[in-house]
2 protein chains.
Amino acid sequence: MENETTETRGRILEAAAVVFAEHGYAATTIRMICGRAQVNLAAVNYHFGNKERLYREVLLYARSCAYDRYPPTYGLADGAAPEQRLHAFIRSFLLRTSCDERNLGFGTLVMRELVEPTTALDMLIDEGIRIMFGQLVDIVRPLLGEQVEEELVLACARSIISQCLFYLFSRPVIRRMAPEQKFNHEDVEMITGQIMFFSMHALNGISESRCRRERPHA
Amino acid sequence: MENETTETRGRILEAAAVVFAEHGYAATTIRMICGRAQVNLAAVNYHFGNKERLYREVLLYARSCAYDRYPPTYGLADGAAPEQRLHAFIRSFLLRTSCDERNLGFGTLVMRELVEPTTALDMLIDEGIRIMFGQLVDIVRPLLGEQVEEELVLACARSIISQCLFYLFSRPVIRRMAPEQKFNHEDVEMITGQIMFFSMHALNGISESRCRRERPHA
DNA sequence: GTTTGTATCAAACATCTGTTTGAATGGCAA
DNA sequence: TTGCCATTCAAACAGATGTTTGATACAAAC
């Protein structure tokens, strides 16, 4: 055909991302996807083999879309200070997993995969989550001062990433308890600020208390 | 029959909680539940009407079991200090949502409901989540010092509850990245300690920085 | 004993599911 | 043209799903 990947294949991929994100793997039917993509029912099995393989390709496709738009260094200058690097990490994470249509529901797809793991979760962990968390750990380490145990760095990194995940997982609740929250770019800036505010106070406090322990009554 | 609620009904309720927690609403079949409960296929529709009404009753049943075992004041003496109250809140939250079989998968059920809301989510929010969060806010407020804006209290409460939710949502990932973590009672104590460590440093830092702003150069 | 109402059961129901099939289409090289 | 190949399509497939049905069992009430 015209392209190496046919147009039909692309339409299925985009439609499937939206439908899988909205309903989850089990509740999504191939008929929903084909209806939205306006292609024949058999097209999914022709182009992707079966539903599960389509789902795996959707995960990879949505992830590459979201990461292309919002890489972990989004809006960050070279040689920035650790605090700025943390700010950029949190902000790009929130943007990448936000409901922005052009992310193709990446955040929601991963969220669902975490809650109801399929065989695709290992793929996501090995090729994405592990790297992402490692980057955060490298940002947090210098913020905790010198000679800090790695276990403490990991615990702090978990505390920080958990605050980012909160606004991913609790979106349905927040939407009902605080409908004014819209999760647009403006809200992301504010949420980034709140997470930074809380976390930097924690990191600075931990760092200081450890200095005092090293050199008491100084 | 012998009891006001028949034995069959109870068996279905317990079996359904486990199966719904394990597979989610859509992927759970009535045949799975009845097979596990060793009752006839028609028993679900006889005792509960249909699958959705059974699911709602399961949510309420699992919640009451989990809250009976681990109330928000679990292990807390009267008149305890705010910091101890926060410790008890975090610990009971983690225990209540842990994988302990006698919680009937309450944590997992709520987690799934958050990710894929049904009409039952409103019920959970109005009768549970809102109250739980309000209790946390009341614990956090005195820890931030006097005359602090309510919006800041809410943001800090969100930062704290998000760390607790992390160990609920990310369990599948943690299980694969750090298999030594078992989420038993011992691990809960350790995780509680880590969340307290990070959060108290944050709260103290925020509280102090605001005092300094009130009385500069004091 | 007869009736009544609750509870259980095997079987069937209509519908929806993912997948397959075989024919039709259309572009392209020989 | 002819043959070839990738692609699309309507139709059908077998199996699973939630739900219903009508028969049966059984204890209590009359």
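The chains referred to below are lettered A, B, ... by the order of the sequence lines, with proteins before strands, and numbering in each begins at 1.
Under the side-chain hydrogen bond (donor to acceptor under 3.5 Å, both in side chains) criterion, the residue pairs touching residues 115-136 of chain A are A:Glu52-A:Thr119, A:Arg56-A:Thr119, A:Arg63-A:Glu127, A:Glu113-A:Thr118, A:Glu116-B:Arg112, A:Asp122-B:Arg176, A:Asp126-A:Arg130, with sequence neighbours excluded.
The phosphate of D:dT8 has OP1 or OP2 within less than 4.0 Å of a side-chain N or O from A:His47. Dashed line: the shortest gap from a side-chain N or O of A:Thr8 to OP1 or OP2 of D:dT7 is not under 4.0 Å. In terms of phosphate contacts, A:Asn40 brings a side-chain nitrogen or oxygen within less than 4.0 Å of OP1 or OP2 of D:dA10.
Classification of A:Asp100 and A:Arg69 as a salt-bridged pair holds, one side-chain N sitting under 4.0 Å from a carboxylate O.
As a whole-Å value, the separation of B:Gln38 CD from C:dC9 C1' is 15 Å. Rounded to whole angstrom, the span from the OH atom of B:Tyr46 across to the P atom of C:dG5 amounts to 12 Å. Note: CZ (B:Arg11) to P (C:dA7) measures 14 Å, nearest angstrom.
For B:Glu151, the side chain to side chain contact (heavy atoms under 4.5 Å, CB included) partners are A:Gln194, B:Leu154, B:Arg158, not counting sequence neighbours.
For the pair B:Val115/A:Leu114, no side-chain contact is recorded, criterion being any heavy-atom separation below 4.5 Å from C-beta on. Residues A:Lys51 and A:Phe20 meet the side-chain proximity criterion, which asks for heavy atoms closer than 4.5 Å.
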Go along nucleotides 12-19 of chain C 5' to 3' and tag each nucleotide: B for a protein heavy atom under 4.0 Å from its base, S when only backbone or sugar atoms are that close, - otherwise.
-> B----BBB
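If you check the side chains of B:Gln163 and A:Ser159, you find a donor sitting under 3.5 Å from an acceptor.
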